[in-house]
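Here's the structure, in structure tokens; my notes come after.
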Amino acid sequence: MRARVEDVHELALGMPHVTVVRGSRENPVYQVGGKSFVFFRTPRPDAFDPETGQRYPDVIVFWVPSESDKQAVVQDPDSPFFTTPHFDGHLSVLIRAAHLGSLTRQELAEVVEDAWLSRASPRRREAWLARAR
């Protein structure tokens, strides 16, 4: 099954200890322990269509565990994930909602879980990993 925007919401909410706060334009921001791990970004000047110059209205941000994980994902030519100079030094990757269908729901679940694990406290991380074994 191909991933959809609804899956992002369902998977993020399915992780333990998650709260949802709203951004400046009521965009959902999923947090664990007060730390964002997935959020729906408002259109910004750094993420735009190179042909039209129009800002992407559907960018979703996922945290990643490390810079090497980020680079592996964004440098893979088959990956729908990308980054912008605004996110240099930030442990996150971006994807357009319009491109979620290039992932399976299981692949998206792994991205959401990795995002959550990268931001959860050590105690919560350990409990989740122990339960997952």
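Checking side-chain atoms of Asp7 against main-chain N and O of Arg4 turns up a donor-acceptor pair under 3.5 Å. The backbone N or O of Thr104 lies less than 3.5 Å from a partner atom in the side chain of Glu107, making a donor-acceptor pair. At distances below 3.5 Å, not a single donor-acceptor pair connects side-chain atoms of Arg124 with backbone N or O atoms of Pro16. Side chain of Ser36 to main chain of Val38: no donor-acceptor pair is present (N/O by atom type, distance under 3.5 Å, no hydrogens or angles).
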Worksheet item: What's the verdict on side chain to side chain contact (heavy atoms under 4.5 Å, CB included) for Val20 and Leu13, showing C-alpha distance, side-chain angles and the deciding distance?
Response: CA-CA 8 Å; Val20 182; Leu13 283 171; 3.6 Å; yes
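Using a 4.5 Å cut-off on side-chain heavy atoms (C-beta onward), Phe62 and Asp114 make no contact. His9 is listed as a side-chain neighbour of Phe40, based on a closest heavy-atom distance under 4.5 Å. Residues Met15 and Leu11 form no side-chain contact, since every pair of their non-hydrogen atoms from C-beta on lies 4.5 Å or further apart. Using a 4.5 Å heavy-atom cutoff, the side chains of Val112 and Tyr30 are not in contact.
Of the inter-residue distances, the one linking Ile95 atom CD1 with Ser102 atom OG reads 5.0 Å to the nearest 0.5 angstrom. Note that the CG atom of Leu129 and the CD atom of Glu113 stand 7.0 Å from one another [nearest 0.5 Å]. For the atom pair CG of Leu117 and CZ of Arg125, the computed distance is 7.5 Å after rounding to the nearest 0.5 Å. A distance of 7.5 Å separates CG of Leu103 from OG of Ser79, quoted to the nearest 0.5 Å.
The hydrophobic cluster containing Val93 also contains Val5, counting ILVMFWY residues as joined when their side-chain heavy atoms lie under 4.5 angstrom apart, directly or transitively.
In terms of heavy atoms, Leu91 sits closest to Pro65 at CD1-O, 4.0 Å. Smallest separation of non-hydrogen atoms from Arg25 and Pro43: NH1-CD, 4.0 Å. For Ala3 against Leu108, the heavy-atom pair with the smallest separation is CB-CD2, 3.7 Å.
Hydrophobic cluster membership of Trp63, counting Ile, Leu, Val, Met, Phe, Trp and Tyr whose side-chain heavy atoms lie under 4.5 Å apart directly or via other members: Val21, Val29, Phe39, Tyr56, Val59, Val61, Phe82, Phe87, Leu94.
Residues in residues 82-99 take part in these salt bridge (Lys or Arg N to Asp or Glu O under 4.0 Å) pairs, two or more places apart or across chains: Asp58-Arg96. Listed by first and then second residue, the salt bridge (Lys or Arg N to Asp or Glu O under 4.0 Å) pairs that reach into residues 63-73 come to none, sequence neighbours excluded.
Under the side chain to side chain contact (heavy atoms under 4.5 Å, CB included) rule, Arg41 has a single partner from Asn27, Asp46, Ile60, which is Asp46.
A salt bridge between Arg105 and Glu110 is absent, with no side-chain N of the basic residue lying under 4.0 Å from a carboxylate O of the acidic one.
Between the side chains of His86 and Thr84, not a single donor N or O lies within less than 3.5 Å of an accepting N or O.
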